[in-house]
*Asks:* 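There's a structure below that I have some questions on.
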Amino acid sequence: MARLVMKFGGTSVADLDRIRNVARHVKREVEAGYEVAVVVSAMAGVTNQLVAWCRDAAMLHDAREYDAVVATGEEVTAGLLAIVLEGMGVNARSWQGWQLPILTDNAHGSARILDVNGAELIRRFREQQQVAVIAGFQGLHKDTGRVTTLGRGGSDTSAVAIAAAIQAARCDIYTDVDGVYTTDPRIVPKARRLDKIAYEEMLELASLGAKVMQVRSVELGMMHNVPIFVRSSFEKPEDIDPSKRPSGTLICDESEIMEEQIVTGIAYSKDEAQISIRRVQDKPGVAAAIFGPLADANINVDMIVQNVSADGQTTDLTFTVPSADYERARDTIAKAKSAIGFDRVDGATDVAKVSVIGIGMRSHAGVAAKAFKALAERNINIRAITTSEIKFSVLIDAAYSELAVRTLHTLYGLDKS
Ligand code: ADP
Ligand code: ASP
Ligand code: MG
């Protein structure tokens with residue numbers, strides 16, 4: 001019998017009515033003959049509340065206790081869904097991460113899954129036709145046995161990891177939109193739903209700001225070749241015609257995608273900050289003197305631009321860091337001042353990174369140049385640029401991010417007709 005993983009996000013399990021709706025979706029798949037593992041998120045808003053309580057308790061708290069607290073949201077949903085399923089005559093039981101177990105490393109707050117034991121789930125599918133309802137987002141550190149969590153949005157990753165472990169035919173991600181769009185449909189009403197998207201493109205979209213899937217989940221899907229189908233939980237189970245392909249987006253291997261498009265999607269992120277070091281001495285070793293200490297401080301540098309200073313003698317170095325690390329990065333640079341040698345540091349947190357993604361860029365030249373022209377025509381100033389094989393990003397003033405996304409969306413022919 002084919003196996004299926006069904007994952008439901010926070011809004012999809014926001015209250016008991018929605019949980020009952022989820023249970024009917026599960027029942028539908030059980031009746032269609034699938035062995036089903038369900039992965040659930042915390043009810044909408046719950047994780048935020050738990051995080052806020054940890055901060056209120058102590059601004060600087062033990063990350064292991066943070067995990068002990070925030071992992072509980074998913075446990076409530078898993079238990080409730082199992083109760084509702086049982087009430088509907090579907091044999092089900094809930095599972096917490098430690099009970100399978102789902103083993104992780106010890107990076108509390110953003111742990112990586114190392115191993116998922118699916119053996120007991122499979123035995124129960126076979127012997128008892130039992131549906132497994134698994135708390136997403138959580139695991140267990142392989143040595144200490146302490147509860148870990150996988151980072152915000154981590155239930156997606158739980159779902160894909162479990163799909164790989166039980167060799168599921170597919171991992172369905174049920175959410176509050178009916179698929180992956182060319183850009184965030186909440187920002188651009190003209191965004192179009194994609195029928196299919198390649199793992200690599202989804203990986204870029206997710207890393208560059210589209211929060212519909214957690215980055216790590218796409219990585220795992222690509223590694224284990226798990227077909228991931230993003231679809232809406234708001235579609236009524238009764239309205240689904242099993243003989244038709246439901247509306248949604250399949251995240252799959254590039255080779256399965258026929259119609260080649262140059263640009264597939266646009267992402268944006270306001271989680272970055274800009275730092276500019278003015279009048280840096282232009283000599284060998286300076287970049288190492290700047291970026292070495294930042295790396296030692298575990299600060300991820302993303303975009304880097306170097307240009308000649310106003311005086312023509314020295315150089316200006318601009319780069320971006322996650323906004324959460326902005327103060328720490330400025331501190332690190334200030335401490336390294338004598339080793340680097342510069343005049344002053346400027347910074348900005350009201351910036352946004354807008355990124356254009358598409359596998360077609362590999363074989364088409366001039367894709368980015370078109371964007372620079374269109375943004376200039378809108379008077380949008382570009383502070384920094386980065387490019388790679390299948391994407392490019394521009395850093396602009398945050399106030400223009402929506403205008404920039406809409407402009408580029410139209411420019412690359414992504415608007416729905
Ligand atoms: P869940 O709680 O189900 O995990 P999330 O809120 O994490 O749901 O992710 C779904 C949201 O992702 C959507 O409501 C949408 O606003 C946002 N989103 C951002 N970019 C995209 C995109 N390109 N396609 C679809 N949704 C997107
Ligand atoms: N509940 C967690 C969060 O809000 C995990 C998830 O929903 O995927 O981040
Ligand atoms: Mg999510």
Side-chain angles (χ1 to χ4, degrees), residues 6-14 18 22 39-52 54 66-67 69-78 97 109-111 113 134-139 148-162 171-195 197 201-218 228-234 247-249 251 263-271 354-358 401-402 405 408-409 414 416:
M6 307 171 74
K7 180 260 171 178
F8 294 89
T11 17
S12 306
V13 294
R18 297 251 173 98
V22 164
V39 175
V40 288
S41 285
M43 295 159 85
V46 167
T47 309
N48 287 347
Q49 175 65 76
L50 296 170
V51 170
C54 289
Y66 165 95
D67 277 350
V69 175
V70 299
T72 59
E74 290 30 44
E75 295 168 9
V76 174
T77 325
S110 59
I113 295 180
I134 303 156
F137 185 50
Q138 55 172 266
T148 53
T149 62
L150 309 178
R152 299 305 304 266
S155 296
D156 297 328
T157 302
S158 312
V160 176
I162 289 160
C171 180
D172 279 354
I173 304 285
Y174 286 82
T175 181
D176 56 5
V177 277
D178 62 353
V180 178
Y181 279 68
T182 46
T183 192
D184 190 342
R186 292 191 200 289
I187 304 296
V188 181
K190 286 183 186 159
R192 204 154 32 84
R193 194 182 63 231
L194 297 159
D195 266 349
I197 183 169
E201 291 174 316
M202 190 65 231
L203 201 56
E204 295 286 3
L205 263 184
S207 345
L208 296 165
K211 76 160 188 172
V212 57
M213 292 287 296
Q214 200 198 33
V215 177
R216 196 75 56 74
S217 72
V218 186
I228 301 171
F229 189 63
V230 181
R231 57 192 296 183
S232 170
S233 70
F234 296 148
S247 40
T249 303
I251 308 173
V263 169
T264 306
I266 297 175
Y268 71 95
S269 155
K270 293 182 181 165
D271 296 336
V354 176
S355 307
V356 175
I357 295 124
S401 60
E402 286 170 22
V405 171
L408 299 179
H409 199 265
L414 298 176
K416 74 174 165 211

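Since this is a predicted model, take the numbers as computed values, not measurements. In each ligand, atom 1 is the first atom listed, and ligand 1 is the first ligand listed. Below, each value reflects all heavy atoms present in this structure, side chains not excepted, and no hydrogens, waters or symmetry copies.
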*Asks:* Can any side-chain N or O of Ser269 pair as donor or acceptor with the backbone N or O of Gly209 at less than 3.5 Å?
*Replies:* no

*Asks:* Counting only N and O atoms by type, is there a donor-acceptor contact under 3.5 Å from the side chain of Arg193 to the main-chain atoms of Gly179?
*Replies:*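 Looks like no, no N/O pair under 3.5 Å.
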
*Asks:* Assess whether side-chain contact (heavy atoms from CB on, under 4.5 Å) is satisfied between Ile187 and Tyr268, documenting all intermediate values.
*Replies:* CA-CA 10 Å; Ile187 304 296; Tyr268 71 95; 3.2 Å; yes

*Asks:* Which residue supplies the protein heavy atom nearest to atom 4 (O) of ligand 1, what is that atom called, and how far is it?
*Replies:* Lys7 NZ, 3.2 Å

*Asks:* Could you check whether any side-chain heavy atom of Thr175 comes within less than 4.5 Å of a side-chain heavy atom of Met213, counting everything from C-beta outward?
*Replies:*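 Answer no - side chains too far apart.
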
*Asks:* Considering distance alone, does some N or O of Thr182 sit under 3.5 Å from an N or O of ligand 1?
*Replies:*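 In this structure, Thr182 places no N or O atom under 3.5 Å from an N or O of ligand 1.
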
*Asks:* Which atoms form the tightest heavy-atom contact between Met43 and Thr77, and what is the distance?
*Replies:*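 Taking every non-hydrogen atom into account, N-OG1, 3.6 Å.
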
*Asks:* Hey, mind stepping through Thr249 and Asp195 against side-chain contact (heavy atoms from CB on, under 4.5 Å) and telling me if it holds?
*Replies:* CA-CA 5 Å; Thr249 303; Asp195 266 349; over 6 Å; no

*Asks:* To check your reading of the model: name the closest protein heavy atom to atom 1 (P) of ligand 1, its residue, and the distance in Å.
*Replies:*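 Going atom by atom, the protein heavy atom closest to atom 1 (P) of ligand 1 ends up being Thr175 OG1, 3.6 Å.
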
*Asks:* Under a 4.0 Å threshold between the charged nitrogen and the carboxylate oxygen, would Asp178 count as salt-bridged to Arg231?
*Replies:*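 Not counted as a salt bridge, because no side-chain N and carboxylate O are separated by less than 4.0 Å.
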
*Asks:* For Gly265, state whether at least one heavy atom is located under 4.0 Å from any atom of ligand 1.
*Replies:*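 The answer is no: ligand 1 sits nowhere under 4.0 Å from a heavy atom of Gly265.
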
*Asks:* Hey, does Ala267 sit under 4.0 Å from ligand 1 if you only count heavy atoms?
*Replies:*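 It does not; every heavy atom stays at 4.0 Å or beyond.
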
*Asks:* What residue and heavy atom of the protein are closest to atom 21 (C) of ligand 1, and at what distance?
*Replies:* Asp184 CA, 3.7 Å

*Asks:* With a 4.0 Å heavy-atom cut-off (strictly under), which part of Val177 contacts ligand 1: side chain, backbone, both or neither?
*Replies:*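 Side chain only.
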
*Asks:* Take Lys270 and Ser401 through the side-chain contact (heavy atoms from CB on, under 4.5 Å) test and state the conclusion after the steps.
*Replies:* CA-CA 9 Å; Lys270 293 182 181 165; Ser401 60; 3.2 Å; yes

*Asks:* Just jot down the ligand 2 atoms closer than 4.0 angstrom to any heavy atom of Ser41, in number order.
*Replies:* 6 (C), 7 (O), 8 (O)

*Asks:* With heavy atoms of Glu74 as the reference, note each atom of ligand 2 found under 4.0 Å away.
*Replies:* 1 (N), 2 (C), 5 (C)

*Asks:* Look at the side chain of Glu204 and the backbone N and O of Ile357, then say whether any donor-acceptor pair between them is shorter than 3.5 Å.
*Replies:* no

*Asks:* Just going by heavy-atom distances, which of Ala210, Ser233, Pro185 is nearest to atom 20 (N) of ligand 1?
*Replies:* Ala210

*Asks:* Do you see a donor-acceptor pair shorter than 3.5 Å between the side chains of Asp67 and Thr149?
*Replies:*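 Distance-only check passes for Asp67 and Thr149.
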
*Asks:* Could you pull out the closest heavy-atom pair between Ala159 and Lys7, with the gap in Å?
*Replies:* CB-CB, 3.6 Å

*Asks:* Do me a favour and list the nearest non-hydrogen protein atom to atom 2 (O) of ligand 1 with residue, atom name and distance?
*Replies:* Gly10 N, 3.2 Å

*Asks:* Only heavy atoms count here, so choose which of Tyr174, Tyr181, Phe8 is nearest to atom 22 (C) of ligand 1.
*Replies:* Tyr181

*Asks:* Under a 4.0 angstrom heavy-atom cut-off, which atoms of ligand 2 come close to Arg152?
*Replies:* 3 (C), 4 (O), 9 (O)

*Asks:* How far is atom 11 (C) of ligand 1 from the closest protein heavy atom, and which atom is that?
*Replies:*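 Protein heavy atom with the smallest distance to atom 11 (C) of ligand 1: Asp176 OD1, 3.9 Å.
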
*Asks:* Run the contact test for Gly154 against ligand 2 with a 4.0 Å cut-off on heavy atoms, strictly below, and give the result.
*Replies:*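 Under 4.0 Å: yes for Gly154.
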
*Asks:* Under a 4.0 Å N-O cut-off, is there an ion pair linking Asp176 with Arg186?
*Replies:* yes

*Asks:* How far is atom 25 (C) of ligand 1 from the closest protein heavy atom, and which atom is that?
*Replies:* Gly179 O, 3.4 Å

*Asks:* Check if Leu205 has a non-hydrogen atom at a distance under 4.0 Å from any atom of ligand 1.
*Replies:*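 In this structure, Leu205 fails to qualify as a contact of ligand 1 - no heavy atom is under 4.0 Å.
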
*Asks:* Have a look at ligand 1 and work out which part of Thr183, if any, has a heavy atom under 4.0 Å from it: side chain, backbone, both or neither.
*Replies:* backbone

*Asks:* For Gln138 and Ser158: C-alpha separation, side-chain torsions, deciding distance, then whether side-chain contact (heavy atoms from CB on, under 4.5 Å) applies.
*Replies:* CA-CA 8 Å; Gln138 55 172 266; Ser158 312; over 6 Å; no

*Asks:* Looking only at distances, can you tell me whether any N or O atom of Gly153, backbone or side chain, sits closer than 3.5 Å to an N or O atom of ligand 2?
*Replies:* yes

*Asks:* Can you name the atoms of ligand 1, numbered from 1 with element, that are less than 4.0 Å from a heavy atom of Val180?
*Replies:*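 Counting atoms of ligand 1 from 1, those under 4.0 Å from Val180 are 24 (N).
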
*Asks:* Starting from atom 5 (P) of ligand 1, find the nearest protein heavy-atom neighbour and note its residue, name and distance.
*Replies:* Lys211 CE, 3.9 Å

*Asks:* In terms of residue, atom name and distance, what is the protein heavy atom nearest to atom 14 (O) of ligand 1?
*Replies:*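 For atom 14 (O) of ligand 1, the nearest protein heavy atom is Arg186 NH2, 2.6 Å.
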
